Amino acid sequence: MIILMGYMGSGKTTIGQLLAHEMGYHFIDLDSLIAERESMSIPEIFDIKGEIYFRKKETEYLREQLQKDQEIIMALGGGTPCYGHNLDLIKESGIPTVYLRASVTTLFQRLQKEKQYRPMISHLNTDQDLMEFIGKHLFERQNYYNKADHIIDVNQKTASEVVSDLQQLLF
């Protein structure tokens, strides 16, 4: 198993799917798994049951996945390593972790297009609000992300280039 972490919009799902395909591994997106198991989209879970409920389920499903001994590429949600004891659970598992590091500018360009689908930023009205939110939030989370075993810079790289970097790094 390999775990991909990083801020929303860093490419965890896209890169994870490509890497899994290249390696013949299974791909799991933790947010998609939560949505499937809870029979609700992530925004619906946040709206109906709240963030605390979501974070509890996130830890529950993360713990379940960490116990599997399979060839899996798992993309975490952007906040997964930052809440509760999730990062400790991940580190204790011994599973290699990779931080897909993207700049505030790169994240802004990506997230601006999909803001309505992301509950953490859907309420932001202006580009300036979005840029400030990403900058502040990324600063708060970077300490967690930087504890990954490996860091790959994704700025100005295609998904294929990042996958190639990961393959050279990990295999």
Side-chain angles (χ1 to χ4, degrees), residues 2-22 25-59 61-62 65 72-83 86-87 97-146 148 151-166:
I2 296 163
I3 295 174
L4 302 178
M5 63 170 94
Y7 199 71
M8 65 179 144
S10 63
K12 299 177 302 290
T13 300
T14 301
I15 302 303
Q17 288 172 331
L18 284 170
L19 182 61
H21 178 75
E22 290 280 324
Y25 283 23
H26 297 286
F27 174 74
I28 294 173
D29 180 286
L30 188 59
D31 281 348
S32 296
L33 178 71
I34 294 166
E36 179 184 314
R37 296 270 183 90
E38 296 298 308
S39 301
M40 281 186 249
S41 70
I42 300 300
E44 287 173 328
I45 295 170
F46 269 71
D47 288 345
I48 296 167
K49 298 196 174 187
E51 185 176 1
I52 292 171
Y53 176 87
F54 173 80
R55 296 297 174 194
K56 286 181 180 177
K57 287 299 180 180
E58 180 178 55
T59 299
Y61 296 129
L62 172 65
Q65 293 306 308
I72 295 172
I73 306 293
M74 182 166 58
L76 300 181
T80 305
C82 310
Y83 288 92
N86 291 344
L87 187 58
T97 54
V98 178
Y99 168 28
L100 300 180
R101 182 174 57 198
S103 69
V104 172
T105 302
T106 296
L107 294 168
F108 171 78
Q109 290 168 347
R110 294 176 181 183
L111 292 171
Q112 187 180 33
K113 302 171 196 158
E114 50 189 63
K115 195 171 77 168
Q116 70 271 20
Y117 305 111
R118 305 221 181 229
M120 296 295 290
I121 60 172
S122 61
H123 66 285
L124 301 172
N125 295 318
T126 68
D127 286 350
Q128 183 177 345
D129 288 344
L130 179 60
M131 186 74 104
E132 288 175 8
F133 181 89
I134 294 167
K136 178 181 177 288
H137 221 217
L138 183 60
F139 178 78
E140 292 169 352
R141 291 181 172 189
Q142 216 155 18
N143 183 47
Y144 297 96
Y145 298 153
N146 282 327
I151 298 173
I152 298 279
D153 189 297
V154 300
N155 295 300
Q156 300 176 354
K157 290 184 182 175
T158 66
S160 295
E161 290 170 330
V162 174
V163 167
S164 178
D165 291 349
L166 279 166

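Sequence positions, counted from 1, serve as the residue numbers for this chain. None of the values given here were measured: they were computed from a predicted structure.
- Closest approach of I45 to M40, counting heavy atoms only: CG1-CB, 3.7 Å.
- Of all heavy-atom pairs spanning R101 and N155, the tightest one is O-ND2, 4.0 Å.
- Taking a cutoff of 4.0 Å between a charged side-chain nitrogen and a carboxylate oxygen, R55 and E51 qualify as a salt bridge.
- Contact annotation: the side chain of I48 never approaches that of Y53 to less than 4.5 Å [non-hydrogen atoms, C-beta and beyond].
- You'll find the side chain of Y7 reaches within 4.5 Å of the side chain of I134, heavy atoms only.
- Atom OG of S103 is separated from atom CG of L138 by 9.0 Å, given to the nearest 0.5 angstrom.
- For the atom pair CG (D29) and CG (L4), the distance works out to 10.0 Å, reported to the nearest 0.5 Å.
- Checking K12, M5, E58, M74 one by one against T80, the side chain to side chain contact (heavy atoms under 4.5 Å, CB included) holds for a single residue, E58.
- In this structure, Q109 and T105 have side chains that are in contact, with non-hydrogen atoms separated by less than 4.5 Å.
- Side-chain N/O atoms of E36 and Y61 include no donor and acceptor closer than 3.5 Å.
- No donor-acceptor pair closer than 3.5 Å links the side chain of T14 to the backbone N or O of G11.
- Across all non-hydrogen atoms, the minimal contact from M8 to I121 is CE-CG2, 3.5 Å.
- Contact check for Y25 versus L19: no side-chain heavy atoms found under the 4.5 Å cut-off.
- Interatomic distance, I73 CD1 to I2 CD1, rounded to the nearest 0.5 Å: 4.0 Å.
- Considering all non-hydrogen atoms of both residues, I42 and F54 come closest at CD1-CE1, 3.4 Å.
- More than 12 heavy atoms of other residues, nucleotides or ligands shown are found within 6.0 angstrom of CD on Q116.
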Problem set entry | Pair E114-R118, salt bridge (charged side-chain N to carboxylate O under 4.0 Å, His left out): steps then yes or no | CA-CA 7 Å; E114 50 189 63; R118 305 221 181 229; 2.4 Å; yes

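- To the nearest 0.5 Å, the span separating CG on L76 from CD1 on I3 amounts to 5.5 Å.
- In this structure, the side chain of K57 does not engage the main chain of I34 through any donor-acceptor pair within 3.5 Å.
- Counting heavy atoms from C-beta outward, L107 and H137 have side chains that stay 4.5 Å or more apart.
- Looking only at distances, no side-chain donor or acceptor of Y145 sits under 3.5 Å from a matching main-chain atom of C82.
- In this structure, CD1 on I152 lies 9.5 Å from OG on S164, to the nearest 0.5 angstrom.
- More than 12 heavy atoms of other residues, nucleotides or ligands shown are found within 6.0 angstrom of CZ on F27.
- Between the S32 side chain and the I28 main chain, no donor and acceptor come within less than 3.5 Å of each other.
- More than 12 heavy atoms of other residues, nucleotides or ligands lie within 6.0 Å of CD in E140, so this atom counts as buried by the packing criterion.
- Interatomic distance, L124 CG to F133 CZ, rounded to the nearest 0.5 Å: 6.0 Å.
- Taking each heavy atom of T13 and A75 in turn, the nearest pair found is N-CB, 4.2 Å.
- A pairwise comparison of heavy atoms in A35 and S41 identifies CB-CA, 4.2 Å as the closest pair.
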